[in-house]
Amino acid sequence: MSDVVAGEAVEPSVGGPKRAPGAARAGIVLRHEWTIAILGAVLLAIAMVWVISPYAAQLFTAGSRHATIADPASSIIGDGRDPAAQAWLIAWNGHALLHGLDGIWQTNAFYPDSYGLAFTDSLFGYAPAGLIGHGVRAAVLRYDILFVLAFALTFLGGYALARQLGANRVAGAVAGAAMAYAPWRYGHVGHLNILSTGGITWRSRCSPAAMAGR
């Protein structure tokens with residue numbers, strides 16, 4: 001009589017090894033339309049604002065300006081006047097948040113007048129970013145990052161609005177690029193307050209008319 005080995009029967013897997021639930025969810029997220037759109041918008045903004053611009057300037061000046069990719073922690077985007085003031089303003093707003101908004105309007109700009117913050121764009125929407133980092137290098141790096149993200153958000157807003165109105169993904173990407181990189185925007189490189197139009201298109205995307213268009 002042959003020996004009998006007791007054990008649980010194991011059914012062979014069908015269709016190959018199964019992926020872990022966590023890995024499956026991660027794969028779904030990474031392949032999702034909006035994940036791709038967000039990553040694409042950020043990478044395109046970095047390329048258009050920080051990488052391609054120096055080489056375009058070299059081309060248009062017939063080589064008189066040497067193309068170099070600047071250090072974002074020590075080189076501010078723009079002419080150094082309005083951008084530097086706005087970098088300081090974001091830092092000031094962050095400082096005010098840390099101190100309970102006490103004296104936020106009483107900046108040392110326009111001294112000795114009072115309520116100096118009322119004489120310029122407040123950039124309150126960027127105040128949370130002012131909580132990150134301390135000092136001049138942090139202020140410059142923070143401004144450069146926000147500047148790039150302003151283009152990315154505008155692209156995403158245009159893409160989202162076009163998709164909401166029934167455009168396919170390619171048409172949505174074209175619409176987003178047209179809104180984010182229109183020539184007039186490059187005429188306001190020193191004005192983050194003017195370039196921050198991404199929220200407007202996101203708000204338009206959520207309007208009843210846009211929702212009805214879907």
Side-chain angles (χ1 to χ4, degrees), residues 26-63 65-73 75-80 82-83 86-87 90 121 123-126 128-129 140-214:
I28 293 173
V29 170
L30 291 176
R31 292 194 302 270
H32 195 276
E33 174 185 355
W34 290 106
T35 302
I36 297 173
I38 292 171
L39 291 176
V42 172
L43 292 176
L44 180 62
I46 294 173
M48 293 292 289
V49 174
W50 203 260
V51 178
I52 296 178
S53 295
Y55 294 95
Q58 182 182 24
L59 177 64
F60 291 141
T61 59
R65 293 180 60 180
H66 183 64
T68 56
I69 299 177
D71 178 8
S75 300
I76 197 165
I77 298 175
D79 56 17
D82 286 344
Q86 292 185 341
I90 295 170
D121 293 303
L123 297 180
F124 280 148
Y126 291 116
V140 171
L141 178 60
R142 183 191 307 122
Y143 176 87
D144 288 339
I145 292 174
L146 291 175
F147 187 90
V148 172
L149 292 180
F151 280 84
L153 183 60
T154 302
F155 176 94
L156 280 174
Y159 177 86
L161 179 59
R163 292 286 285 145
Q164 184 69 36
L165 294 174
N168 60 27
R169 296 185 183 186
V170 174
V174 172
M179 294 192 68
Y181 304 103
W184 71 265
R185 292 175 63 83
Y186 286 93
H188 291 281
V189 170
H191 306 126
L192 179 62
N193 52 332
I194 297 176
L195 296 175
S196 301
T197 59
I200 298 174
T201 47
W202 274 104
R203 175 64 183 85
S204 300
R205 187 251 185 191
C206 297
S207 67
M211 298 292 286
R214 189 62 170 172

Participant: How about Trp50 and Ile77: do any of their side-chain heavy atoms sit closer than 4.5 Å?
Facilitator: yes

Participant: Keeping Tyr181 on the side-chain end and Ala45 on the backbone end, is there a donor-acceptor pair under 3.5 Å?
Facilitator: yes

Participant: Let me confirm one number: the OG1-CZ distance from Thr154 to Arg185, rounded to the nearest 0.5 Å.
Facilitator: 4.0 Å

Participant: So how far is it from Phe147 CZ to Gln86 CD, rounded to the nearest 0.5 Å?
Facilitator: 9.5 Å

Participant: What distance separates Leu149 CG from Leu195 CG, expressed to the nearest 0.5 Å?
Facilitator: 13.0 Å

Participant: Give, for atom OG of Ser196 and atom CG of Leu146, the distance between the pair rounded to the nearest 0.5 Å.
Facilitator: 8.5 Å

Participant: Enter the distance from Ile145:CD1 to Ile46:CD1 here, rounded to the nearest 0.5 Å.
Facilitator: 9.5 Å

Participant: I need the minimum non-hydrogen distance between Gly172 and Ala167, along with the two atoms involved.
Facilitator: N-CB, 4.3 Å

Participant: Classify the ring geometry of Phe155 against Tyr159: parallel below 30°, tilted from 30° to 60°, perpendicular beyond 60°.
Facilitator: parallel

Participant: What closest approach, in Å, do Ala87 and Tyr143 show between heavy atoms, and which atom pair accounts for it?
Facilitator: CB-CB, 3.8 Å

Participant: Supply the atom-to-atom distance Ile200 CD1 to Met179 CE, rounded to the nearest 0.5 angstrom.
Facilitator: 8.5 Å

